[in-house]
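So the structure is just underneath, and the comments pick up after that.
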Amino acid sequence: MSSLSLYDTLSRATTPFTPLVAGRVSIYLCGATVQAPPHIGHVRSGVNFDILRRWLIASGYETTFIRNVTDIDDKILHKAVHEEMPWWAVAMKYERAFTEAYAALNVMPPTYEPRATGHITQMIELMQRLIDRGAAYAPGNGDVYLEVRTLTSYLTLSRQNVDDLQSSEDAEETFKRDPRDFALWKAAKPGDPSWPTPWGPGRPGWHLECSAMALTYLGESFDIHGGGLDLVFPHHENEIAQSESAGYGFAKSWMHNAWVTTSGEKMSKSLGNSLQVEHILKTVRGIELRWYLGGAHYRSMLEFSHAALEEASTSFRRIEAFLYRAKEILGDTPTRVINETFAAAMNDDLAVPTALAGISESLRLGNIAITSDDKGAIQKHANEIRGALSILGCDPFDPAFDSANASEDLTAALDGTIQLVLAQRASARDRKDFESSDAIRDGLLALGITIEDTAQGPRWSISRTESSN
RNA sequence: GGUGGAAUGGCCGAGAGGCGAGGCACAGGACUGCAAAUCCUGCUACACGGGUUCAAAUCCCGUUUCCACCUCCA
């Protein structure tokens, strides 16, 4: 069996993964800044790293997965003014929206989900340490800055030169010693929320929370730090600067997911609400959206289109239909088995698209096995397909998706009813009264019930009701 | 200006020196009373121009087009 290799943004290479502590993996993922409802780009990140996590767990690692919520930030404060709500109500509202979106897509809840505002003490301790070590300074107005010029290394992740950075226009009116210095802490302005510190009341800058929380939950160094590609600079560079200046090892490797784009462009620029998760979920089920988002390689741009989303839904339903049929024939839910083809693909930097080709092959063989009534082969392929889908978080038998379980009684009653109707149809067909038998089939179809005549007799299923867009 | 990424068949999307990834769509066939589902067959591409090589979608040089980041974006 192959072993896992992952691409590391820092070294720009795919190398064998070796955890700091044998058998254990620690991951910190930059989660949401809760200032707006999630769009599908946000949850792609969640899905991509959820697949990583599931694969690590399946590979036998004990996994600690921290995904933060940044619940204090300029944009949240602006939004609070705009929505005429307290900033903390805005943050909570959108945090819930993210939680719901993650749940709809079967993204496992993190081991812990720390909020920035719950870690002010840790941030103050970290700033004090940075000041003591001469890496940070408090100019006296209440701000605290990290002094970039004192760093022995900076911008190693994005491989830029400090001198090449375009400095911000408003640099002259700040208290910075150098325009590239960044704020660890911001002095309170009138009306802003603030917390007391040795340097005066204020609130966290953007980057500090992640360094403080990673230290709190994962320790001085940990295995993998993840996030969206756009966080490489400045967010992750500044996290590195803070944590390393404080004397901590910090992240051993870095993983970044690519964006979902529209018309070749990154989403945020011209985003209406049409690409919000909530809206997309009116056209496809969560499991189908996940299949779509997780199907592309995590480092490839995913060019969103409704047609492509529909295609993903179609192909997923085909796989799902096979699993349900297999379950009917076998009389038992398939188990989860990881075959070597799938494992090899996943071990190669989570090559999901390659893994998908393997699933297609299993599906074909599984369908052939159904035709030839080879129960052993049906079992084998159904198990392997379910095993693969479970890693991708798209297992139709997962309680998160398997709505049939929730209404067993109703399903049984409906099945009995349909069987009565199908008996009528069968006798019509025996009489060669196809007009009547087709009328029954069409009537059921109009109610959203699809009838298929198989070698094992007629089979019914509920068609998905298109709520359209 | 600096740093990265991308261009593959009607469409989506992998791969990274040699053996046609895969899917969707479409066409033909098998099966079927007809459908549906399923299977089989067909369609066979790597932005452009050079070069290296026995062999290039893949490596090298150049070009074009597009995208991103460069201090508060997943």
Side-chain angles (χ1 to χ4, degrees), chain A residues 9 12 29-33 35-36 38-49 70 73-76 148 155 158-161 163-168 170-171 176 179-183 186 204-207 226-235 237-238 256-261 263-269 271 292 295-297 299-303 305 307-316 318 321-322 325 345 348 351-361 363-364 366-368 370-372 429 432-434 437-438 441-442 445 450-455 458-459 461:
Chain A
T9 309
R12 306 272 164 92
L29 174 64
C30 282
T33 299
Q35 41 133 353
H39 58 65
I40 56 177
H42 293 121
V43 289
R44 181 191 185 184
S45 181
V47 167
N48 285 156
F49 283 96
T70 296
D73 139 279
D74 285 358
K75 284 189 178 170
I76 294 170
V148 167
L155 309 181
S158 59
R159 301 199 178 184
Q160 300 177 92
N161 286 314
D163 296 321
D164 292 336
L165 293 186
Q166 295 177 350
S167 53
S168 54
D170 60 345
K176 292 178 182 179
R180 295 159 194 87
D181 291 349
F182 62 89
K186 297 183 168 193
W206 178 32
H207 317 293
L229 202 52
D230 43 1
L231 296 181
V232 172
F233 183 89
H235 187 53
E237 293 286 14
N238 290 348
H256 293 95
N257 64 278
W259 299 295
V260 180
T261 56
S263 312
E265 287 179 29
K266 193 179 152 190
M267 285 211 154
S268 49
K269 290 275 163 68
L271 178 69
Y292 173 67
H297 186 94
R299 287 194 283 122
S300 297
M301 299 282 182
L302 180 60
E303 171 67 22
S305 74
L309 178 60
E310 275 303 316
E311 182 185 309
S313 298
T314 305
S315 80
F316 181 75
R318 230 179 128 233
F322 166 73
R325 247 164 255 204
D348 180 17
V352 174
T354 307
L356 257 33
I359 293 174
S360 292
E361 177 68 3
L363 178 64
R364 210 187 96 246
N367 277 321
I368 288 171
I370 287 180
T371 305
S372 60
R429 291 179 76 200
K432 305 262 189 241
D433 178 5
F434 296 120
S437 70
D438 288 352
R441 186 173 64 196
D442 293 344
L445 187 62
T450 304
I451 301 301
E452 295 164 33
D453 293 315
T454 72
R459 175 174 185 280
S461 58

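Computed from heavy atoms alone, side chains included, the values below leave out hydrogens, waters and symmetry copies.
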Partners passing salt bridge (charged side-chain N to carboxylate O under 4.0 Å, His left out) against [X] (at least two apart in sequence or in another chain):
X: Asp433(A); result: Arg431(A)
X: Arg159(A); result: none
X: Asp230(A); result: Lys266(A)

Is any side-chain heavy atom of [Y] closer than 4.5 Å to one of [X]?
X: Lys432(A); Y: Phe434(A); result: yes
X: Leu445(A); Y: Thr450(A); result: yes
X: Thr70(A); Y: Lys75(A); result: no

Atom [atom1] of [X] and atom [atom2] of [N]: how far apart are they, to the nearest Å?
X: Trp259(A); N: rA74(B); atom1: CH2; atom2: C1'; value: 9 Å
X: Phe316(A); N: rC24(B); atom1: CZ; atom2: P; value: 14 Å
X: Leu155(A); N: rC69(B); atom1: CG; atom2: P; value: 17 Å
X: Glu311(A); N: rG23(B); atom1: CD; atom2: P; value: 11 Å
X: Leu302(A); N: rG13(B); atom1: CG; atom2: P; value: 6 Å
X: His207(A); N: rC70(B); atom1: NE2; atom2: C1'; value: 13 Å
X: Asp181(A); N: rC70(B); atom1: CG; atom2: C1'; value: 16 Å
X: Phe233(A); N: rU71(B); atom1: CZ; atom2: P; value: 6 Å

**Prompt:** If each of Leu363(A) and Ser360(A) is mapped to the nucleotide of RNA chain B with the nearest heavy atom, which maps nearer the 5' terminus, i.e. the 5' end?
**Reply:**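 Final value for this comparison: Ser360(A).
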**5' precedence on RNA chain B between Leu229(A) and Thr371(A) (nearest-nucleotide basis)** =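 Mapping each residue to its closest nucleotide by heavy atoms, the 5'-most match is Thr371(A).
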If we take the [atom1] atom in both [N] and [M], what is their distance in whole Å?
N: rA30(B); M: rA37(B); atom1: C1'; value: 14 Å
N: rU8(B); M: rA47(B); atom1: P; value: 7 Å
N: rU71(B); M: rC54(B); atom1: P; value: 50 Å
N: rC26(B); M: rU58(B); atom1: C1'; value: 30 Å
N: rC60(B); M: rG28(B); atom1: C1'; value: 45 Å
N: rG29(B); M: rC34(B); atom1: P; value: 14 Å
N: rU64(B); M: rA74(B); atom1: P; value: 34 Å
N: rG15(B); M: rA45(B); atom1: C1'; value: 13 Å

**Request:** Determine the stems involving RNA chain B; a stem requires 3 or more consecutive pairs of the Watson-Crick or G-U wobble kind, each with both distances below 3.5 Å, and the answer is none if no such run exists.
**Result:**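 Stem list for RNA chain B: B:1-7 with B:64-70, B:10-12 with B:22-24, B:26-30 with B:38-42, B:47-51 with B:59-63.
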Which nucleotide, [options], lies nearest any side-chain atom of [X]?
X: Ile368(A); options: rC73(B), rA25(B), rC40(B); answer: rC40(B)
X: Arg364(A); options: rC40(B), rU71(B), rA74(B); answer: rC40(B)
X: Thr314(A); options: rC73(B), rA14(B), rC24(B); answer: rC24(B)
X: Ala308(A); options: rU71(B), rA74(B), rC12(B); answer: rC12(B)

Checking [X] now: which residues fulfil ring-ring contact (aromatic ring centres under 6.0 Å, His included) with it, not counting sequence neighbours?
X: Phe182(A); answer: His207(A)
X: Tyr292(A); answer: Phe304(A)
X: Trp206(A); answer: His235(A)

List for me each residue that meets side-chain contact (heavy atoms from CB on, under 4.5 Å) alongside [X], sequence neighbours excluded, and say none if there are none.
X: Thr354(A); value: Ala345(A), Ala351(A)
X: Ser313(A); value: Val284(A), Glu288(A), Arg317(A)
X: Glu311(A); value: none

Does [X] reach a base, just sugar-phosphate, or nothing at all? Heavy atoms under 4.0 Å.
X: Gly41(A); answer: base
X: Pro353(A); answer: base
X: Val260(A); answer: base
X: His297(A); answer: sugar-phosphate

**Request:** List the atom of Val352(A), the atom of Gly295(A), and the distance in Å for their closest heavy-atom pair.
**Result:**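 Scanning both residues, the minimum pair turns out to be CG1-O, 4.0 Å.
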Between the protein and nucleotides 32-37 of chain B, list every N/O to N/O distance that falls short of 3.5 Å.
unit_1, atom_1, unit_2, atom_2, d
rG33(B), N7, Arg429(A), NH2, 3.3
rG33(B), O6, Arg429(A), NE, 3.2
rG33(B), N1, Asp438(A), OD1, 3.0
rG33(B), N2, Asp438(A), OD2, 2.8
rC34(B), O2, Arg441(A), NH2, 2.7
rC34(B), N3, Arg441(A), NH1, 2.9
rC34(B), N3, Arg441(A), NH2, 3.3
rC34(B), N4, Asp453(A), OD2, 3.0
rA35(B), N6, Asp453(A), O, 3.4
rA35(B), N1, Asp453(A), N, 3.1
rA35(B), N3, Arg441(A), NH1, 2.9
rA36(B), N1, Asp453(A), O, 3.2
rA37(B), O2', Arg325(A), NH1, 2.5

**Donor-acceptor under 3.5 Å (Ser45(A) side chain, Gly41(A) main chain)** =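 No; zero donor-acceptor contacts below 3.5 Å.
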**Prompt:** Should Asn367(A) be listed as having a side-chain N or O under 4.0 Å from OP1 or OP2 of rC39(B)?
**Reply:**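 Yes.
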Nucleotide N/O of nucleotides 2-5 of chain B paired with protein N/O under 3.5 Å:
unit_1, atom_1, unit_2, atom_2, d
rG2(B), O2', Asp164(A), OD2, 2.9
rG2(B), N2, Gln160(A), OE1, 3.2
rU3(B), O2', Ser158(A), O, 2.9

